[in-house]
Chemist: 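Handing you a structure now.
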Amino acid sequence: MKELSLHILDIAENSISASSSQITIAVLEDIVNDRLRICITDNGKGMSTEMAQKIMDPFVTSRTTRKVGLGIPLLKAAAEMCDGFLTIESQPGIGTKVTVEFQRSHIDRMPMGDLTTTILQLVVSNPQINFIFIYSVNELEYIFDDNLLKQELYDLSLTEPSILNYIKDQIETGYHEIHPEVEY
Amino acid sequence: MPTINSLDDLKRIREEALRKREVKSASGQKQIIVGMGTCGIAAGARDTMKAILDQIQTEGLTGISVTQTGCVGLCEMEPIIQVKIGDGEKVTYGKIDSEKAAKIIRDHVIGGVVVKEYSITL
């Protein structure tokens, strides 16, 4: 995967498989301290500390555990190459939080890519899950919470053209308002 | 500067969607399911789904719900999409890029004719 936004989609898919009803995706760009942090938090079924350690190892995971594939080890390696880290905090029955951090300006740091498409697709194709998207650049912050939207439009498909237009517009406008012009 | 969807906005969107939604035809709800496992994403499923959503928007196609699923166990055939029209059989398509997705929407989802050349058996 060539974009961080694809990895975000991949990790959120793990949260979906874990039967979460709420998933929070936070992308925090700290230009002053040159850090880029991504946190994906869910209230799914969680896992033991032992399991959380195991899924970071590609040789343990690849075939035996079906829920999590190669996604986590690949992203962990990418973060560590860029003076960063990846951690998983999880508790059975409570949920899971994946945190990944990079040196923002690191030459090997993958570009963010099409983050708004990732968020839009998660929101519209999982009508039963409440998504909260937090995007911040230094002290500026944009929050998109689809809870009210999903309550109000509960009996309609979110991929009706007019609804799709509305959600896409909301996410893109909010994101681009604070997204820095130049990524690096 | 949090943007919270206002209730008024949502009520308006709701009415607009209801107004534009075509009276459900005999064929019933059209469903497109995109495989979004790690394998699907790595093979380009996000682009495929983007193309599907873009087509729905630009052509104003109502009555289609697009959802997603995880890995269905045919990673080498990703991106995989499945189409189900009403109570009909679910048809699975493999190695679907943006262009093939457009053809499937035209011929199968709208036209009702299965695109045999792209279909695969699970």
Side-chain angles (χ1 to χ4, degrees), chain A residues 1-3 5-7 9-14 16-17 66-72 74 113-114 117-118 120-122 124-128 134 140-168 170-171 173-174 177-178, chain B residues 1-22 24 29-71 73 75 81 109:
Chain A
M1 286 181 229
K2 294 194 174 86
E3 297 178 10
S5 55
L6 287 173
H7 280 284
L9 182 57
D10 184 42
I11 292 174
E13 294 298 324
N14 294 338
I16 295 167
S17 321
R66 296 289 301 142
K67 286 289 175 226
V68 185
L70 273 167
I72 296 272
L74 285 175
D114 197 350
T117 293
T118 284
L120 176 72
Q121 293 190 1
L122 285 168
V124 300
S125 65
N126 297 284
Q128 74 290 359
I134 301 168
L140 298 173
E141 189 177 61
Y142 166 67
I143 301 172
F144 175 84
D145 183 341
D146 69 5
N147 189 34
L148 186 62
L149 181 130
K150 282 181 173 166
Q151 275 177 20
E152 198 60 25
L153 306 176
Y154 69 97
D155 56 341
L156 292 169
S157 160
L158 297 174
T159 48
E160 285 301 311
S162 53
I163 299 175
L164 201 52
N165 269 330
Y166 176 76
I167 301 175
K168 190 176 175 189
Q170 288 268 315
I171 298 171
T173 308
E177 228 166 79
I178 60 172
Chain B
M1 143 202 68
T3 312
I4 309 291
N5 317 292
S6 83
L7 207 55
D8 286 346
D9 263 3
L10 291 170
K11 291 221 158 80
R12 184 176 50 76
I13 297 296
R14 176 188 183 79
E15 274 161 27
E16 194 182 337
L18 281 172
R19 199 174 62 244
K20 286 191 182 158
R21 187 163 68 170
E22 58 190 16
K24 277 214 179 97
Q29 181 72 27
K30 299 156 187 162
Q31 202 184 352
I32 302 176
I33 305 157
V34 184
M36 277 286 177
T38 304
C39 47
I41 296 169
R46 193 185 66 178
D47 290 339
T48 302
M49 182 158 171
K50 185 176 195 297
I52 294 169
L53 295 180
D54 284 350
Q55 193 173 355
I56 287 176
Q57 270 192 299
T58 51
E59 297 179 21
L61 306 172
T62 59
I64 303 172
S65 81
V66 183
T67 54
Q68 54 152 60
T69 185
C71 171
C75 309
I81 72 169
V109 180

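In what follows, chains carry the letters A, B, and so on, assigned in the order in which the sequence lines appear, proteins first and then strands, with residues in each chain numbered from 1.
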Chemist: Counting only heavy atoms closer than 4.5 Å, note whether A:Gln128 contacts chain B via side chain, backbone, both or neither.
Modeler: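 Neither part.
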Chemist: Hey, what do you get for CD (A:Glu13) to OG1 (B:Thr38), rounding to the nearest 0.5 Å?
Modeler: 8.0 Å
Chemist: Side chain, backbone, both or neither: which part of A:Ser125 has a heavy atom under 4.5 Å from chain B?
Modeler: both
Chemist: Looking at A:Glu160 and B:Gly63, what are the two nearest heavy atoms and their distance?
Modeler: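 Heavy atoms of A:Glu160 and B:Gly63 come nearest at OE2-N, 2.9 Å.
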Chemist: Select one option (side chain, backbone, both, neither) describing which atoms of A:Leu120 are under 4.5 Å from chain B's heavy atoms.
Modeler: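 It is the side chain, since no backbone atom gets that close.
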Chemist: Could you measure the distance from the OH atom of A:Tyr166 to the CD atom of B:Glu16? Nearest 0.5 Å is fine.
Modeler: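 Atom-to-atom, A:Tyr166:OH and B:Glu16:CD are 11.5 Å apart.
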Chemist: Determine the option with the most heavy-atom pairs under 4.5 angstrom with chain A, choosing from B:Lys50, B:Glu59, B:Met49, B:Lys11.
Modeler: B:Met49
Chemist: Search all heavy atoms of B:Leu53 against all heavy atoms of A:Thr159 and return the closest pair with its distance.
Modeler: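 Looking at all heavy atoms of both residues, the shortest contact is CD2-CG2, 3.8 Å.
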Chemist: Which heavy atom of B:Ala42 sits nearest a heavy atom of A:Met1, and at what distance?
Modeler: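 Here B:Ala42 and A:Met1 meet closest at CA-CG, 4.3 Å.
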Chemist: Looking only at heavy atoms and a cut-off of under 4.5 Å, which of A:Ile163, A:Val124, A:Asp114 has the most pairs with chain B?
Modeler: A:Asp114
Chemist: State the OG-CZ distance between A:Ser162 and B:Arg14, to the nearest 0.5 angstrom.
Modeler: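 Reported to 0.5 Å precision, the distance equals 11.5 Å.
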Chemist: Measure B:Leu61 against the heavy atoms of chain A and call it side chain, backbone, both or neither at under 4.5 Å.
Modeler: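 It is the backbone, since no side chain atom gets that close.
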Chemist: Using 0.5 Å steps for rounding, measure from the CD1 atom of B:Ile41 to the CG atom of A:Asp10.
Modeler: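 Between atom CD1 of B:Ile41 and atom CG of A:Asp10 there are 4.5 Å.
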Chemist: Going by the rule side chain to side chain donor-acceptor pair (under 3.5 Å), which residues pair with B:Ser65 if we only count those two or more places apart in sequence or in a different chain?
Modeler: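 Counting only residues at least two positions away or on another chain, B:Ser65 forms no side chain to side chain donor-acceptor pair (under 3.5 Å).
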Chemist: Chain B heavy atoms under 4.5 Å from A:Thr173: which part of the residue, side chain, backbone, both or neither?
Modeler: neither
Chemist: Please determine, among A:Ile11, A:Leu122, A:Thr117, A:Ile16, the option with the most heavy-atom pairs under 4.5 Å with chain B.
Modeler: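 Between A:Ile11, A:Leu122, A:Thr117, A:Ile16, the count favours A:Thr117.
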Chemist: Looking at A:Lys168 and B:Asp54, does any basic side-chain N land under 4.0 Å from a carboxylate oxygen?
Modeler: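 Salt bridge flag = yes for B:Asp54 with A:Lys168.
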Chemist: Heavy-atom distance under 4.5 Å to chain B: side chain of A:Asn126, backbone, both or neither?
Modeler: side chain
Chemist: Any chance you could measure B:Thr67, atom OG1, to A:Gln121, atom CD, to the nearest 0.5 Å?
Modeler: 12.0 Å
Chemist: Between the side chains of B:Arg46 and A:Thr118, does any donor sit under 3.5 Å from an acceptor?
Modeler: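 Yes.
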Chemist: Considering only heavy atoms, which portion of B:Ile64 lies under 4.5 Å from any heavy atom of chain A: side chain, backbone, both, or neither?
Modeler: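 Backbone of B:Ile64 only, per the 4.5 Å heavy-atom cut-off to chain A.
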Chemist: Does A:Glu152 reach the main-chain N or O of B:Leu7 with its side chain, forming a donor-acceptor pair under 3.5 Å?
Modeler: no
Chemist: Shorter than 4.5 Å, heavy atoms on both sides: which option in A:Leu6, A:Ile134, A:Leu158, A:Asp155 has the most such pairs with chain B?
Modeler: A:Leu6
Chemist: Would you mind checking which part of A:Leu74 comes under 4.5 Å of any heavy atom in chain B, side chain (CB onward), backbone (N, CA, C, O), both or neither?
Modeler: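 Contact with chain B is absent: no heavy atom of A:Leu74 under 4.5 Å.
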